[in-house]
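What you are looking at is a predicted structure, and each value in this text was computed from that prediction instead of being measured. So that the names make sense, note that chain A is the first sequence line, chain B the second, and so on, each numbered from 1.
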Amino acid sequence: MAFVEIRDLHKHIGQTVDVRGWLYNKRGSGKIQFLQIRDGTGFVQAVMGKQDATEAEFLAASGLGIESSIEVAGEVREDKRSPIGVELTCRRLKVLQEVKDYPIQITKDVPNIDWLLDRRHLWVRSRKPHAILKVRSEAVQAIRDFYYQNGFVLFDAPVFTPASCEGTSTLFEVPYFDEKAYLTQSGQLYGESGAMAFGKVVVFGPTFRAEKSKTRRHLTEFWMVEPEVAFLELDGIMDLAESQIRFVVQRCLERCKEELKTLERDISRLEPVAKPFPRISYKDAQKRLVELKAEFEKSADPDKQKLAKDILKNGLGDDMGAADETAISMQYDRPVMIHRYPAAVKAFYMKRDPADPEYVLGVDVIAPEGVGEIVGGAQREDDLEVLLARIREHNIPMESIDWYVDLRRFGTVPHGGFGMGVERCVQWICGCEHVRETIPFPRTIYRTKP
RNA sequence: AGGGGUGUAGCUCAAUUGGUAGAGUGUCCGACUGUUAAUCGGAAGGUUGGUGGUUCGAGUCCACCCACCCCUGCCA
């Protein structure tokens, strides 16, 4: 007799099996005990009548606290009253550890998230965090499968880097023997090296940003997937982002039905990803924002009125703010792609639009429901002289980036790619209020524990 | 970094113009039950984030500090 995972119990109806796990909840009386057991793969109720086991076992069952670790043997029974369709008649109970005063309670109340994050090492056992992290696992597997199936080579970038890749963001500085190093904020430049070697590569790993962001969309440590493809231009980059996002969402819809149900996620909000994503140029977006600002100001909806105040706050022709992105994304039921931003607000490596050199061949993908930017991508500057000029303009130290310039000296070709934030993508799929719920142990400006 | 806000029982929150610190939930004990957020009865649980001030009297008013949350900016 071997241990059976709870998710497989339905295959063992009529048999006597062993199940091991933790006590999720318990009810009982002097005559019958209901032990709700979880083992990470599911939940099942083990029913122990007083006559079903020894007196000592029955007594032990009646005294068990939440999260006690146990093994039970019992007969698998079909039962319509069970949420999973089966139950165990508990014939034997072995207590591995009896637990008292488990600190996290099982209620529908939403306690202080900060208090729960202090106990994250235990909180991951609870239903909702468990479901979110399961979706994350599926999403990451989907990402890996998508790139593998499409002929990409995994090309890992270093975490220690010599200096800023973009020259804008704040980096974490770490001592490195007698010198300084920085934690990577993007593997993209390394990805470009890989693209010239393998054609299609994908960088996938943790990324660090020392910006003191304090919003529900920001982590200081997050995972980013960054495909980079030789001979791919802006339209192709947008096609790639669209099909990758679609693949990941479809996979989660197929394989995470139970988890999304646990999270009370409105699935109908995710189904429109099957349709093509709208693509709008920055210039058209600006025109649309002028209209939307006027429209929202007159709206009866107080949320829209409030939003109207912040629309185009940076001024027409400047970078788009969060309100701008929200207003545009509200016009659609699926992610929207905004392309060809002003060069002044974007990174040095983005290629200028030949049709209008004030703009770059870059694209952001804005997710619905206020999650905001989940993808940022671009066609890269592939001309040696232009790139050198950009590096000088941005005051990027040449000695830390000369290797990158080499890529334009030895067989440069048009190429590009994008970066997708895994946590923001999961945040959108799960409908999470906070991005920090989408990673097992979030790192934010004020949190490095547990 | 700027703006706004919140700190009261393990957790979620009450407490009238400044006048004896309350409930729900969880925990513990008991009863009962094919229960599933069980139910019923009882008990324990507090230096009201900290320091100082005003006052006969401060959870409440004032100052400073601490912690955290939300928004903006930066970005994924």
message: Using atom C1' in both nucleotides, what's the gap between B/rA9 and B/rU35 to the nearest angstrom?
response: 29 Å

task: Find out whether the Lys NZ or Arg CZ of A/R144 is both under 6.0 angstrom from the six-membered ring centre of A/F152 and within 45° of the ring's axis.
output: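 Not satisfied by the 6.0 Å and 45° rule.
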
- prompt: In the strands shown, is B/rA23 matched to any nucleotide by a Watson-Crick or G-U wobble pair with both distances under 3.5 Å, and which?
  reply: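 Here B/rA23 is engaged in a pair, and the nucleotide opposite it is B/rU12.
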
- prompt: Which part of the nucleic acid, if any, lies within contact of A/M420, taking any heavy atom under 4.0 Å across all strands shown: a base, the sugar-phosphate backbone alone, or nothing?
  reply: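 Result for A/M420 = nothing.
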
message: Is the base of B/rA76 stacked against the aromatic ring of A/F222, taking ring centres under 5.5 Å apart and planes under 30° as the test?
response: yes

- request: Identify which nucleotide among B/rC70, B/rG73, B/rG10 has an atom closest to any side-chain atom of A/S213, counting heavy atoms from C-beta outward.
  value: B/rG73

message: B/rC70, OP1 or OP2 - any side-chain N/O from A/H434 closer than 4.0 Å?
response: yes

query: Among residues 367-377 of chain A, which residues get a heavy atom nearer than 4.0 Å to RNA chain B?
result: A/E373, A/I374, A/V375, A/G376

field: Phosphate OP1/OP2 of B/rU35 contacted by A/N25 side-chain N/O (<4.0 Å)
entry: no

- request: Compare the minimum distances between each of B/rG34, B/rG73, B/rC11 and the side chain of A/W115, then state the nucleotide with the smallest one.
  value: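 Selected nucleotide: B/rC11.
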
task: Output yes when a side-chain donor or acceptor of A/R352 lies under 3.5 Å from a complementary backbone atom of A/Y359, and no otherwise.
output: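 Between the backbone of A/Y359 and the side chain of A/R352 there is no qualifying donor-acceptor contact (under 3.5 Å).
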
query: Between B/rG3, B/rA76, B/rA37, which nucleotide gets closest to the side-chain atoms of A/K214?
result: B/rG3

task: Indicate, with a heavy-atom threshold strictly under 4.0 Å, whether A/I104 touches base, sugar-phosphate, or nothing.
output: nothing

Test: A/R246 cationic atom under 6.0 Å from A/F277 six-membered ring centre, within 45° of axis: yes

message: Below 4.0 angstrom, which residues in residues 77-87 of chain A have at least one non-hydrogen atom near RNA chain B?
response: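 Nucleic-acid contacts, sorted: A/R77, A/D79, A/R81, A/E87.
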
message: Check the phosphate of B/rA76 against A/R217, side-chain N and O only, distance under 4.0 Å to OP1 or OP2. Yes or no?
response: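 Looking at the OP1 and OP2 atoms of B/rA76, neither is under 4.0 Å from any side-chain N or O of A/R217.
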
- prompt: What integer number of Å spans the C1' atoms of B/rA58 and B/rU48?
  reply: 11 Å

task: For A/Y446, report the nucleic acid contact type (base, sugar-phosphate, nothing); a contact means any heavy atom under 4.0 Å.
output: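 The answer is sugar-phosphate, as A/Y446 gets under 4.0 Å only of primed atoms, P, OP1 or OP2.
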
statement: Sorted by chain and residue number, the side chain to side chain contact (heavy atoms under 4.5 Å, CB included) partners of A/K346 (sequence neighbours excluded) come out as A/Y341, A/M350, A/V360, A/D364

query: Counting side-chain heavy atoms from C-beta on, which of B/rC71, B/rA76, B/rG34 comes nearest to A/Q45?
result: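 For A/Q45, the side-chain atoms sit closest to B/rG34.
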
- prompt: Between B/rG5 atom C1' and A/D114 atom CG, what is the distance in whole Å?
  reply: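 It is 15 Å, rounded to the nearest whole Å.
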
field: Residue A/R436, side-chain heavy atoms: nucleotide from B/rG34, B/rC69, B/rC74 that is nearest
entry: B/rC69

query: Side-chain N or O of A/R27 less than 4.0 angstrom from OP1 or OP2 on B/rU36?
result: no

query: Mapping A/D101 and A/K26 onto RNA chain B by nearest heavy atom, which one lands closer to the 5' end?
result: A/D101

- prompt: A/W115 ring centre to A/R119 NZ or CZ under 6.0 Å, with the angle to the axis within 45°?
  reply: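 So A/R119 does make the cation-pi contact.
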
Identity of whatever pairs with B/rC68 - Watson-Crick or G-U, under 3.5 angstrom: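 The base-pairing partner of B/rC68, which may sit in any strand shown, is B/rG5.
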
- request: May I ask you to decide whether A/R269 forms a salt bridge with A/D333, counting only side-chain N to carboxylate O separations under 4.0 Å?
  value: no

